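Below is one structure, written out as structure tokens; comments come after it.
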2 protein chains.
Amino acid sequence: MDMSDRTGTVRFMSLRHALLGLLAHGPASGYDLTRAFEGGIGQYAWQAGHSRIYPELGKMAEAEQVVVDEAGPRGRKTYTLTDAGRTELRRWMLHWPEQATVRDETVLRMFLVQSLEPDDARRLLEGIAEHCAAEIARLRPVMEAEDAEHHPGDPLPFGRLAGEYGLRQYEAVHGWALWSLERMAAVEPAVG
Amino acid sequence: MDMSDRTGTVRFMSLRHALLGLLAHGPASGYDLTRAFEGGIGQYAWQAGHSRIYPELGKMAEAEQVVVDEAGPRGRKTYTLTDAGRTELRRWMLHWPEQATVRDETVLRMFLVQSLEPDDARRLLEGIAEHCAAEIARLRPVMEAEDAEHHPGDPLPFGRLAGEYGLRQYEAVHGWALWSLERMAAVEPAVG
DNA sequence: AGCAACATGTAACGAGTTACATGATTTA
DNA sequence: TAAATCATGTAACTCGTTACATGTTGCT
């Protein structure tokens, strides 16, 4: 599979693709989509507020990647993916740029752990390990409950793969923090 | 450890903290720092080009978090971290906001795998698994070589913890992609 | 009647990318 | 002497956040 995109085509606009992806599993309003960004996507993948989402939906409608069902109370507009929208989503999902956009404050902190004094670094790593352990304890039962409800043959619940990704992410960071603590202890044992 | 920051203090500016963190391991010029962003930090944590870095260094000098050694050929300016800079770096490293900035195109794609048709999703996951396997094969020998050169008692090489983080990240994603393929196969076996 | 939640929009600002612009030093 | 690399800077544009602004519907 081709993991890179050497064509000089359309760049960036990941918010648009996030919206296309969310709309792929059913019509939704700007309000609904704003709520969606408050969940896992906003926590782990991409952030956006309603003030950015509404204008983008407008542009997507212009580009005929979505259509509006003018209806619903309180001026609610429901957007539905068009074939053009689904095609663009698929194109984006299958063609990865050589350098994808990344801006992750948490990962940045991990890259900079070694800029702290050893005692501070240790405290930070201990905090990370604890935090991950707590998140794992919170997420694992959610996944297990979802799996228990799932009958063979049913389609996977929306977000199940993403949830698993989050869980494994926390497990990886947890393991890394513990490994780093051991590694630091071997080099420069804590005083006390 | 306090993993959240409820104080209404200074927001965002992660680029500044990335620069403070890089300068913590030694003085560098804007050019050097721009190069640094082309490596692991830019690939996994935070992106920035020279056009953003130079003005930010200017502001940091104004705020006296760095000082300039006016010297060097071609108008090269070397920046050195001050105590104020180190204090600010430490503050940022130890106080985590409730919701950290995240914008990661790759993770976004993983969240949206389920928006693809099963055959496309399978091809994508296979591609991810292969890509991760290749990166793991590339990174592991680098780490092992670094570890082999390392003598007990020496400080950890700069970036060793970050490198391990990257490696474990790829391992986690690799495992997730394989798990997802199995999970999908159980639900909707591939045709053929 | 009042409050929470639903629902949409705009404006000002902050932060990053691409492109424009210039020049000095080193190396082949 | 030509090219690559070093080295810095600015301007225009895009994208995201915070704050401003307004009105409706459903629930208690």
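Note on naming: letters A, B, ... go to the chains in the order of the sequence lines (proteins, then strands), and numbering restarts at 1 for each one. Quick caveat: nothing in here was measured; it's all calculated off a predicted structure.
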Between [N] ([atom2]) and [X] ([atom1]): distance, integer Å:
X: Lys59(A); N: dG16(D); atom1: NZ; atom2: P; value: 10 Å
X: Ile53(A); N: dC6(C); atom1: CD1; atom2: C1'; value: 15 Å
X: Leu33(B); N: dA7(D); atom1: CG; atom2: P; value: 12 Å
X: His17(B); N: dG14(C); atom1: NE2; atom2: P; value: 16 Å
X: Leu57(B); N: dG16(C); atom1: CG; atom2: C1'; value: 15 Å
X: His50(B); N: dT22(C); atom1: NE2; atom2: P; value: 14 Å

Name the closest nucleotide to the [X] side chain, picking from [options].
X: Pro73(B); options: dT25(C), dT17(D), dA7(C); result: dT25(C)
X: Ser51(A); options: dT17(C), dA7(C), dA11(C); result: dA11(C)
X: Lys77(B); options: dG9(D), dT5(D), dG16(D); result: dG9(D)
X: Arg74(A); options: dG23(D), dA15(C), dT8(D); result: dG23(D)
X: Pro55(B); options: dT10(D), dC6(C), dG16(D); result: dT10(D)
X: Met13(A); options: dC15(D), dA15(C), dT25(C); result: dC15(D)

Worksheet entry | Range-with-range stems of DNA chain D (Watson-Crick or G-U pairs under 3.5 Å, three or more in a row) | C:1-28 with D:1-28
Worksheet item: When the nearest nucleotide of DNA chain D is assigned to Arg103(B) and to Arg35(B) on a heavy-atom basis, which residue is associated with the more 5' position?
Response: Arg35(B)
Should [X] and [Y] count as an ion pair when the cut-off is N to O under 4.0 Å?
X: Glu171(A); Y: Arg140(A); result: yes
X: Arg123(A); Y: Glu126(A); result: no
X: Lys59(A); Y: Glu62(A); result: no
X: Arg86(B); Y: Asp83(B); result: no
X: Arg35(B); Y: Asp32(B); result: no

Practice prompt. List, by chain and number, the other hydrophobic cluster members for Tyr31(B), where Ile, Leu, Val, Met, Phe, Trp and Tyr join if side-chain heavy atoms come within less than 4.5 Å, directly or indirectly.
Written response: Tyr54(B)
Discussion item. Other residues, nucleotides and ligands only: do more than 12 of their heavy atoms fall within 6.0 Å of CZ on Arg183(B)?
Written reply: yes
Look at [X] and [N] and indicate whether a side-chain polar atom (N or O) is within less than 4.0 Å of OP1 or OP2.
X: Trp46(B); N: dG16(C); result: yes
X: Tyr54(A); N: dG9(C); result: no
X: Arg76(A); N: dA7(C); result: yes

Discussion item. Heavy atoms only, 4.0 Å cut-off, all strands: where does Gln47(B) land among base, sugar-phosphate and nothing?
Written reply: sugar-phosphate
Worksheet item: Which sits closer to the 5' end of DNA chain C, Ser14(B) or Arg52(A), going by the nucleotide each is nearest to?
Response: Arg52(A)
